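First up is the structure itself, then whatever we jot down about it.
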Amino acid sequence: MSAPFLDHIRTTLDGIEADGLMKRERQITSPQGGRVQVDGRRVINLCANNYLGLADHPALIDAATKAMSDHGFGMASVRFICGTHDLHRALEARLAEFLGTDDSILFAACFDANGALFEPLLGPEDAVISDALNHASIIDGIRLSKARRFRYANSDMADLEAQLRAAREGGARHIMIATDGVFSMDGYLARLPEIRALADRYEALLMVDDCHATGFMGPKGAGTPAHFGVRADILTGTLGKALGGALGGYVAGPQPVVDLLRQRGRPYLFSNALPPAIVAAGLAALDIVEGADDLRARLFEHADYWRAGLERAGFELLPGEHPIIPVMLHDAHKAQAMAARLFEQGVYVSGFFFPVVPKGQARIRTQMNAALSREDLDEALAAFAQAGRDTGVLT
Ligand SMILES: *Cc1c(COP(=O)(O)O)cnc(C)c1O
């Protein structure tokens, strides 16, 4: 490979390093869980999306193992050629039932679901209006469509209305509002009742990506729309967070929407079918989730306890009710120092800083999950207080 090209790449890497923005991956050597093995030590894990603690659940592992022996390992095909198992259709029907939609369609990941969604449904005559803090996959999916693009400041309803008006005055045929159900950096919920009301007033569709909510927010864990008692027209979500934490995404919605995505969604047509083990474990996850009021109660008790403990210790938090609880440090170096000091004390967290969050808003994003115990939380609170003093965050 040409030396100038590799020099150019190395210069970019050096820049990332010099800015203090290099991300390094720790290697876990145990299953994902409330505690994980890293560098030979068991550490309390406060940064997984394993909200219900299902990532190492025996029922999911059994279902996956059984599916591998009954259905084999891989499909070696996209769905429409010879890659559709009975299991795929069972999970699609089950997800639709769980979410209260006509049908659903599986993708390799929610990143692909969002990548597939917009281009077949919206043309140049249409408009899509997107929250400024939406997930990267929504932004990329919208870029792939020919619809006119509008953006509103995060959860700013006056701005959303201004964009809706602009889209209508611009003669848009169909308008789709796209939002995360929960904004993952802050743990803030989208203001769905107000968004729905505006969507209805301007005859727009509402698309909600509910990755950080499905399985635990709202009655039976049906997500943010269920939490607010609001209807979303189209939902996207993941099997990679609360629903087992492995892999896989979906779009759920009206039958014609799902049918068209099966015909035209490019990440569906040109990418391999999900393996049977993943699909069977997804079905097992839904069996658990539908009856998991105890796990949900535990998750939100943990969130209340953790939030109150951090506040008592003197940390600055963002307000909220979601199990994402960001500890605001404002400075990237402080966030990294805190995370390093916490790891020394047996608590695994990750610092978030620019470009993942705006400059001056560096933080440690902590996340609660049902696999943690009260003892884990007490130990982690003591470690936070100590690390806060050691790094000068707490005085
Ligand atoms: C995690 C996440 C995704 C990506 O999901 P994958 O299934 O891991 O690709 C998409 N959207 C949001 C809002 C997410 O939080």
Side-chain angles (χ1 to χ4, degrees), residues 20-21 23-28 30 32-53 55 182-188 212 216 241 297-354 356-395:
L21 300 177
K23 295 181 279 296
R24 294 202 161 74
E25 301 175 1
R26 293 190 192 282
Q27 295 185 17
I28 298 175
S30 67
Q32 185 65 277
R35 291 195 182 228
V36 289
Q37 183 95 5
V38 186
D39 297 341
R41 290 191 303 145
R42 300 282 298 164
V43 294
I44 300 170
N45 187 1
L46 301 185
C47 48
N49 300 313
N50 185 22
Y51 293 107
L52 296 174
V182 175
F183 296 96
S184 59
M185 290 302 130
D186 302 320
Y188 290 161
H212 279 284
F216 59 96
K241 290 181 174 121
R298 184 177 166 86
L299 170 64
F300 286 100
E301 274 163 32
H302 279 353
D304 288 347
Y305 187 77
W306 179 245
R307 181 176 279 285
L310 288 174
E311 266 167 4
R312 211 175 312 111
F315 288 103
E316 179 194 340
L317 309 180
L318 293 181
E321 54 194 306
H322 192 273
I324 290 174
I325 300 166
V327 181
M328 300 305 288
L329 301 166
H330 301 287
D331 176 83
H333 295 287
K334 265 191 190 155
Q336 280 182 310
M338 256 308 268
R341 188 76 191 90
L342 281 163
F343 191 74
E344 285 165 17
Q345 295 179 79
V347 177
Y348 188 177
V349 293
S350 234
F352 287 66
F353 33 84
F354 185 78
V356 177
V357 293
K359 286 205 167 110
Q361 292 189 31
R363 66 196 65 184
I364 285 177
R365 181 180 73 172
T366 64
Q367 287 169 282
M368 289 294 105
N369 70 64
L372 293 161
S373 67
R374 188 55 74 85
E375 293 69 42
D376 293 333
L377 299 189
D378 286 334
E379 200 178 317
L381 282 172
F384 260 82
Q386 183 65 49
R389 286 191 295 273
D390 292 350
T391 54
V393 169
L394 295 179
T395 46

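The structure displayed is predicted, hence computed values, not measured ones. Just so you know, these numbers use all the heavy atoms, side chains as well, and skip hydrogens, waters and symmetry mates.
Taking every heavy atom of both residues into account, Ala303 and Ile325 meet most closely at O-CD1, 3.5 Å. Minimum interatomic distance between Ala339 and Gly351 (heavy atoms only, all atoms of both residues): CB-N, 4.1 Å. Pairing each heavy atom of Ala371 with each of Gly53, the nearest pair is CB-CA, 4.0 Å. Listed here is the closest heavy atom pair of Tyr188 and Pro319: CE2-O, 3.2 Å. Taking each heavy atom of Gln32 and Ile28 in turn, the nearest pair found is OE1-CD1, 4.4 Å. Residues Ala362 and Ala332 approach most closely at CB-N, 3.5 Å, considering heavy atoms.
Between Phe300 and Glu321, every side-chain heavy-atom pair lies at or beyond the 4.5 Å cut-off. Taking the side chain as every heavy atom from C-beta outward, Ser30 and Arg42 approach each other to under 4.5 Å. The shortest side-chain heavy-atom distance between Leu46 and Met368 falls under the 4.5 Å cut-off. Looking at Thr391 and Leu329, their side chains never come closer than 4.5 Å, going by heavy atoms from C-beta outward. Cys47 has its side chain within reach of Asn45: a pair of non-hydrogen atoms, C-beta onward, lies under 4.5 Å apart. Contact check for Asp186 versus Arg363: side-chain heavy atoms found under the 4.5 Å cut-off.
Here the straight-line distance linking atom CG of Asp390 with atom CD of Glu344 works out to 8.5 Å at 0.5 Å rounding. Going from atom CZ of Arg35 over to atom OG of Ser373 covers 6.5 Å, rounded to the nearest 0.5 Å. Distance check: Arg341 CZ to Arg389 CZ gives 10.5 Å after rounding to the nearest 0.5 Å. Summarising the geometry, atom CG belonging to Asn369 is positioned 7.5 Å from atom CG belonging to Leu299; distances are rounded to the nearest 0.5 Å. Leu377 CG to His302 NE2: the interatomic distance, rounded to the nearest 0.5 Å, is 5.0 Å. The distance from the CZ atom of Arg26 to the OH atom of Tyr348 is 6.0 Å, given to the nearest 0.5 Å.
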Run the side chain to side chain contact (heavy atoms under 4.5 Å, CB included) check on His333 and Phe353 step by step: do they pass?
CA-CA 9 Å; His333 295 287; Phe353 33 84; over 6 Å; no
Criterion side chain to side chain contact (heavy atoms under 4.5 Å, CB included) on Leu342 and Ile364, from CA distance to verdict:
CA-CA 11 Å; Leu342 281 163; Ile364 285 177; 4.2 Å; yes
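Of the possible polar contacts, none joining the Asp378 side chain to the Glu375 backbone as a donor-acceptor pair under 3.5 Å is found. Under a 3.5 Å cut-off, the side chain of Arg307 and the backbone N or O of Leu317 do not form any donor-acceptor pair. Counting only distance, with no hydrogens or angles, the side chain of His212 and the backbone of Ile324 share no donor-acceptor pair below 3.5 Å. The backbone N or O of Ser184 lies less than 3.5 Å from a partner atom in the side chain of Arg365, making a donor-acceptor pair.
In this structure, the ring of His322 has its center no less than 6.0 angstrom from the ring center of Phe183.
Other residues, nucleotides and ligands contribute over 12 non-hydrogen atoms within 6.0 Å of the NE2 atom of His330.
Relative to the ring axis of Phe343, Arg41 places its NZ or CZ within 45° and under 6.0 Å from the centre.
The pair Arg298-Glu301 does not count as a salt bridge, with every side-chain nitrogen at least 4.0 angstrom from each carboxylate oxygen.
Under the 30°/60° scheme for interplanar angles, the aromatic rings of Phe315 and Phe384 are found to stand perpendicular.
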